[in-house]
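A quick write-up on the structure given underneath.
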Amino acid sequence: GAGVSQSPSNKVTEKGKDVELRCDPISGHTALYWYRQRLGQGLEFLIYFQGNSAPDKSGLPSDRFSAERTGESVSTLTIQRTQQEDSAVYLCASSQINYGQQFFGPGTRLTVL
Amino acid sequence: TQLLEQSPQFLSIQEGENLTVYCNSSSVFSSLQWYRQEPGEGPVLLVTVVTGGEVKKLKRLTFQFGDARKDSSLHITAAQPGDTGLYLCAGADTGNQFYFGTGTSLTVIP
């Protein structure tokens with residue numbers, strides 16, 4: 001596809017379970033971002049991948065959150081031992097370095113019961 | 001932390017009215033972007049401004065970047081119901097890190 005895709009679109013899980021969220025960026029985009037958005041609010045930066053450089057993990061809220069990216073392709077965001085406050089929409093975006101425009105996926109809505 | 005604050009947080013207006021949304025920070029940004037987000041979707045880029053004092057117009061939308069590159073405004077003329085959505089500003093630093101504002105939820109009533 002031409003755009004950023006994310007899966008699943010919705011995820012309901014029980015407190016304490018681990019979840020994995022997936023992002024497929026636009027082909028050729030070297031930069032990939034993960035954000036968290038709580039209902040009706042702005043975006044909270046989580047992590048940023050740029051090519052083969054070490055990722056910027058400064059936005060991860062706790063050590064329960066981690067993310068990986070294979071080369072310049074798929075990325076997965078993992079949340080371990082989920083808590084109710086993790087409930088939010090998790091958005092992924094990709095961009096071509098030097099252009100700056102981020103293209104967002106539709107997000108994964110995570111609900112922790 | 002480079003915090004971007006938007007005001008107002010919520011705005012409900014009648015069709016045909018004008019409005020301005022503000023995005024303010026104490027930090028300097030290399031560029032600033034405005035996005036609009038509709039329910040259930042990711043944000044979509046409206047404009048990028050890069051030069052202090054720059055003004056860009058897109059039909060009924062006018063964007064301005066402050067002279068010091070710390071703040072920006074979005075002005076909508078004759079708002080329409082299709083303008084309804086969450087408006088987000090985002091400042092970019094020299095490392096291509098983006099910092100998003102707190103968002104302005106706009107509702108235009110027909």
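So you know, we letter chains A, B, ... as the sequences are listed, proteins then strands, and number each from 1. Side chains included, hydrogens not; waters and symmetry mates left out as well; all remaining heavy atoms used.
Under a hydrophobic-cluster definition in which Ile, Leu, Val, Met, Phe, Trp and Tyr are linked whenever side-chain heavy atoms come within less than 4.5 Å, directly or via other members, A:Leu32 and A:Ile26 are assigned to different clusters. The hydrophobic cluster containing B:Leu32 also contains B:Phe63, counting ILVMFWY residues as joined when their side-chain heavy atoms lie under 4.5 angstrom apart, directly or transitively.
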Steps toward side-chain contact (heavy atoms from CB on, under 4.5 Å) verdict (A:Phe104, B:Gln37): CA-CA 10 Å; A:Phe104 282 84; B:Gln37 183 180 24; over 6 Å; no
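Only the side chain of B:Tyr35 comes within contact range of chain A, with at least one heavy atom under 4.5 Å from a heavy atom of that chain. Only the side chain of A:Tyr35 has a heavy atom closer than 4.5 Å to any heavy atom of chain B. For B:Gln9, no part lies near chain A; criterion is any non-hydrogen pair under 4.5 Å.
Heavy atoms from other residues, nucleotides or ligands lying under 6.0 Å from CD of A:Glu68 number 12 at most. A 6.0 Å sphere centred on CD of A:Gln41 holds more than 12 heavy atoms belonging to other residues, nucleotides or ligands. Atom CD of A:Glu85 has more than 12 heavy atoms from other residues, nucleotides or ligands within 6.0 Å. Residue A:Leu39 qualifies as open at atom CG: its count of foreign heavy atoms under 6.0 Å is 12 or below.
Across all their heavy atoms, A:Leu91 and B:Gly42 have their closest contact at CD2-CA, 4.0 Å.
Interatomic distance, B:Phe98 CZ to A:Phe45 CZ, rounded to the nearest 0.5 Å: 11.0 Å.
Counting heavy-atom pairs under 4.5 Å between each of B:Leu88, B:Val44, B:Thr102 and chain A puts B:Thr102 at the top. Counting heavy-atom pairs closer than 4.5 Å to chain B, the top residue among A:Gln102, A:Gln6, A:Gln37 is A:Gln102.
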